[in-house]
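First comes the structure, then the notes that go with it.
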Amino acid sequence: MSDVTGAVAKAIEEIRRTFEDCEVEVFPDGSGGAIVVVRGIPMGCPYVQERVWVGFHITYQYPYADVYPHFTNADLRRSGGSGLGSGFGGASFRNSPAVQISRRSNRLNPKRDTAALKLLKVLKWMKEQT
């Protein structure tokens, strides 16, 4: 991918390997970074949706900049009917309604904290919300 930095291209390849059963869409941002959307991520309990999409921006400063925030289905709902709670909010992603997931990395380690690992942590956090 010549439209993104080498570090961003490497991050995208790691995401593709980590989420090999999902569709990974990549949209270069024109500045060396990319918008990434991973579709078909298994979700389920505690949510109504069996599968979701998650999108995020990997900026040209990666790996020295946090991959934050993440976005998902605008219709994300808990199976028990309760609200999503803190860390979630209404937003727009790529000009469409979405739910923003706010999970900032306070102690970013650019040698360890990859975009794929951050997505795994966000998904784990989502599953743990009851």
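Basis for what follows: all heavy atoms, side chains included, without hydrogens, waters or symmetry-related copies. Numbers here simply count residues along the sequence, with the first being 1.
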Do you know which two heavy atoms are closest between [X] and [Y], and how far apart they sit?
| X | Y | result |
| --- | --- | --- |
| Ala34 | His57 | O-CD2, 3.3 Å |
| Pro63 | Pro110 | O-CB, 3.3 Å |
| Gly32 | Val8 | O-CG2, 3.6 Å |
| Pro28 | Val26 | CD-O, 3.8 Å |
| Cys22 | Gly40 | SG-O, 3.5 Å |
| Lys118 | Ser105 | NZ-OG, 3.3 Å |

* Please name the residue in the list Phe93, Phe71, Phe19 that meets the ring-ring contact (aromatic ring centres under 6.0 Å, His included) test with Trp53. =>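 Testing Trp53 for a ring-ring contact (aromatic ring centres under 6.0 Å, His included) against Phe93, Phe71, Phe19 leaves exactly one candidate, Phe93.
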* Tell me, with the steps shown, if Arg78 and Val48 meet side-chain contact (heavy atoms from CB on, under 4.5 Å). => CA-CA 6 Å; Arg78 292 186 185 278; Val48 172; over 6 Å; no
* To do: With sequence neighbours excluded, tell me which residues meet ring pair (Phe, Tyr, Trp, His ring centres under 6.0 Å) with Tyr68.
  =>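 Ring pair (Phe, Tyr, Trp, His ring centres under 6.0 Å) check on Tyr68 returns nothing, list empty.
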* Asked: Name the one of Val67, Thr114, Ile58, Leu120 that satisfies side-chain contact (heavy atoms from CB on, under 4.5 Å) with Ile15?
  ->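 Among Val67, Thr114, Ile58, Leu120, the one meeting side-chain contact (heavy atoms from CB on, under 4.5 Å) with Ile15 is Ile58.
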[X] side chain near [Y] side chain, heavy-atom distance below 4.5 Å:
| X | Y | answer |
| --- | --- | --- |
| Arg16 | Glu20 | no |
| Met43 | Leu123 | yes |
| Met126 | Tyr47 | yes |
| Lys121 | Asp113 | yes |
| Pro69 | Arg103 | no |
| Thr72 | Ile101 | yes |
| Phe27 | Val37 | yes |
| Val52 | Leu76 | yes |

* Asked: Are a donor atom and an acceptor atom from the side chains of Ser102 and Gln100 found within less than 3.5 Å of each other?
  -> yes
* Are Leu84 and Val54 linked, directly or through other ILVMFWY residues, by side chains that come within less than 4.5 angstrom of each other? -> yes
* Do Leu108 and Leu117 belong together in a cluster built from hydrophobic side chains that touch within less than 4.5 Å? -> no
* Measure the OG1-CD distance between Thr59 and Gln61 for me, rounded to the nearest 0.5 Å. => 3.5 Å
Hey, does the side chain of [X] reach the backbone of [Y] with a donor-acceptor pair shorter than 3.5 angstrom?
| X | Y | result |
| --- | --- | --- |
| Gln129 | Trp125 | yes |
| Ser92 | Pro97 | no |
| Asn73 | Asp75 | no |

* Is there a side-chain contact (heavy atoms from CB on, under 4.5 Å) between Leu119 and Phe56 once you walk through the steps? -> CA-CA 9 Å; Leu119 179 52; Phe56 47 92; 3.9 Å; yes
* Does Lys124 pair with Glu128 as a salt bridge, N-O distance under 4.0 Å? ->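 Salt bridge between Lys124 and Glu128, a charged N being under 4.0 Å from a carboxylate O: yes.
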* Please lay out, stage by stage, how Ile12 and Val36 fare under the test side-chain contact (heavy atoms from CB on, under 4.5 Å). => CA-CA 8 Å; Ile12 292 165; Val36 178; 4.2 Å; yes
* **Asp66 and Arg104: CA distance, side-chain angles, deciding distance, side-chain contact (heavy atoms from CB on, under 4.5 Å) verdict** => CA-CA 7 Å; Asp66 192 12; Arg104 182 170 293 286; 3.6 Å; yes
